[in-house]
Amino acid sequence: MKNNETILRVENIHKSFGDLEVLKGVSFDVKRGETICFIGPSGTGKSTLLRCINLLTQPDQGSVWLGDAEVTNSGKSINHFRQRIGMVFQNFFLFDHLTAVRNVEVALIKVRGMKPKEAREKALDELRQVGMEEWAEHYPAELSGGQAQRVSIARALAMNPDVILFDEPTSALDPELTREVLEVMKKLALAGMTMLVVTHEMGFACSVANRIMFMEHGEIKEQGSPEELMNDTKFERCRNFIGQFDQINGD
Amino acid sequence: MDQSEFLFQILLPLLMEGFAVTIKLIVLTAPFGLILGILVAVGRVYGSKPISLLCKGAVGFIKGTPLLLMLFILYFGLPSVGITLSAFVASLVGFIMCNGAYNSEYIRGAISSVKEDQMIAAQALGMTRMQAVRHIILPQALIRSIPGLSNEFIYLIKYSSLAYMLTVIELTGAGKMVATKYFEFTEVFMIVGMGYLLLVTITTIAVMLIERKVAVPGMTQSGRNMLDIL
């Protein structure tokens, strides 16, 4: 596994909903092991962009490449790509009728064709990774938001994806629960998982991301490492956006 | 002939024979009716347009015509196009169609009560739409349709008596024969009624046990309360 290998390439993605053009040609490359945070005002297409990557939303134009294979226009084999592109949602989307451990193992058994016993072991392993092993037999309704989100991260991890998309993973959580989820994500990033994170957690973005993409009006307006964005004068718009949070926080 | 002799030596043995036929009708109808209901519901919600329309039309037709009429067509009508069914099989076919059609409506309602995000999450894991329906959507929908399905099962217990109109001697038919022969209408039909009541009562208790068994916290009212765990 080469370290500088480009694992994901997004080229010129356009998407409109009716008259509203949500994405106006977004392109970027992701190297294996990179963590990229997408920040920016609400309604600028960040979540839509993530959904266009695994085709949960079909882009109008543009292409997505995972390694050397094209994800867009992949027809039926989209399901193979989706196994390799994990996704974590804002509202967890755990399967309501399954316990935590069965949430994690169900795709292993039904999609990967893994033996139930093997899948259970793997699922418990992943739950251990996110500190949820003790809650394996509990149903989603019995979990706090932070716990549910950690289970959903374990569910994505279990498929051994090449990249995980996080769609505002902490936006539905209070600050304390947010921290427990961010800690798990930070651990993953440090362990070399490739992650694309749409987030409003500036602290997380600045401390964990290799690159931050500032999006506005359906375009990546500014991008760079956290240091560049905070210090370089040419990234004024992004700094102003982040600055608003600082003022409210009072520091 | 005194009452107890009539009851134990004539009435009950004959009724038991009819009772056995009634149970046979119900037991053979219910699983196929459930499978048909699931297929039709899935066809309506997730099928292509022609399949969806076909399912909708068939359900509309069955719901819109009396079951008795359907049974008459199956038994008396079909021979004219070369299909001859025994009275028992014709009843069975009619019951399965009727049971399946109504079951499909309960299941369809339950499917649409499953949140869209369950499908999205399943697809994001690489499941095909049909895999998601089978492993994620349907299990949830079926749990939610238990009350409706059990209601339909109870109807089935009672409308199984329509088989008598096709000369199948089930519980009601057996009762009718004894009653007309011995002129003991009230007594006989009360006992027949108790037979149905017994079946419905057993069903009701069984459904309660099933509901308790499959209850999922947060999905059903009878699920464990969050407070119990903490």
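Note that these values count all heavy atoms, side chains included, but never hydrogens, waters or copies made by symmetry. Chain naming here is simple, since letters A, B, ... match the order of the sequence lines and numbering starts at 1 in each.
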>> With rounding to the nearest 0.5 angstrom, report the CG to CD distance, Asp117(B) to Gln90(A).
In response: 11.5 Å
> Which atom pair, heavy atoms only, marks the closest approach of Phe89(A) to Ala121(B)?
Replying inline: CE1-CA, 4.0 Å
> For atom CZ of Arg120(A), is the number of surrounding heavy atoms from other residues, nucleotides or ligands below 6.0 Å larger than 12?
Replying inline: yes
> Is the number of heavy atoms from other residues, nucleotides or ligands within 6.0 Å of NZ (Lys186(A)) greater than 12?
Replying inline: no
> Crowded around Arg134(B) CZ? As in, over 12 foreign heavy atoms under 6.0 Å?
Replying inline: no
> Is the number of heavy atoms from other residues, nucleotides or ligands under 6.0 Å of Phe17(A) CZ greater than 12?
Replying inline: yes
> Got a second to check how far Phe93(A)'s CZ is from Met119(B)'s CE, nearest 0.5 Å?
Replying inline: 13.0 Å
>> According to side chain to side chain contact (heavy atoms under 4.5 Å, CB included), who are the partners of Ala122(B), at least two apart in sequence or on a separate chain?
In response: Phe95(A), Met127(B), Ala132(B), Ile136(B)
>> Let's go through Val216(B) and Asp96(A) carefully: what are the C-alpha distance in whole Å and the side-chain angles of both, what is the deciding distance for side-chain contact (heavy atoms from CB on, under 4.5 Å) to 0.1 Å, and is it a yes or a no?
In response: CA-CA 8 Å; Val216(B) 172; Asp96(A) 293 334; 5.9 Å; no
>> On a heavy-atom basis, which atom in Ala124(B) and which in Asn54(A) lie closest, and how many Å separate them?
In response: CB-ND2, 4.3 Å
>> With a sphere of 6.0 Å drawn around CZ of Phe32(B), does it hold more than 12 non-hydrogen atoms of other residues, nucleotides or ligands?
In response: no
> Any chance CE of Met130(B) has more than 12 other-residue heavy atoms, nucleotides or ligands included, within less than 6.0 Å?
Replying inline: yes
> Side chain, backbone, both or neither: which part of Arg155(A) has a non-hydrogen atom closer than 4.5 Å to chain B?
Replying inline: both
>> At a heavy-atom distance under 4.5 Å, which candidate from Asn79(A), Val88(A), Leu56(A), Asn91(A) has the highest pair count against chain B?
In response: Asn79(A)
>> A quick test of your reading: do over 12 heavy atoms of other residues, nucleotides or ligands sit less than 6.0 Å from CD of Gln61(A)?
In response: yes
> Side chain, backbone, both or neither: which part of Ile109(A) has a heavy atom under 4.5 Å from chain B?
Replying inline: neither
> Side chain, backbone, both or neither: which part of Ile85(A) has a non-hydrogen atom closer than 4.5 Å to chain B?
Replying inline: backbone
> Would a distance-only check, ignoring hydrogens and angles, find a side-chain to backbone donor-acceptor pair under 3.5 Å from Gln131(B) to Lys110(A)?
Replying inline: yes
> Atom CZ of Arg102(A) and atom NE2 of His135(B): how far apart are they, to the nearest 0.5 Å?
Replying inline: 11.0 Å
>> Just so I know, are the side chains of Met87(A) and Ile120(B) near enough to count as touching, which here means a heavy-atom distance under 4.5 Å?
In response: no
> Is the number of heavy atoms from other residues, nucleotides or ligands within 6.0 Å of OH (Tyr159(B)) greater than 12?
Replying inline: yes
> Non-hydrogen atoms of chain A under 4.5 Å away: do they reach the side chain of Gln118(B), the backbone, both or neither?
Replying inline: both
> Taking all atoms of both residues into account, what is the closest heavy-atom pair of Ala141(A) and Pro217(B), and its distance?
Replying inline: CB-O, 3.4 Å
>> For a quick test of reading the model, state the closest non-hydrogen atom pair linking Leu125(B) to Gln83(A) and the distance between them.
In response: O-CG, 3.7 Å
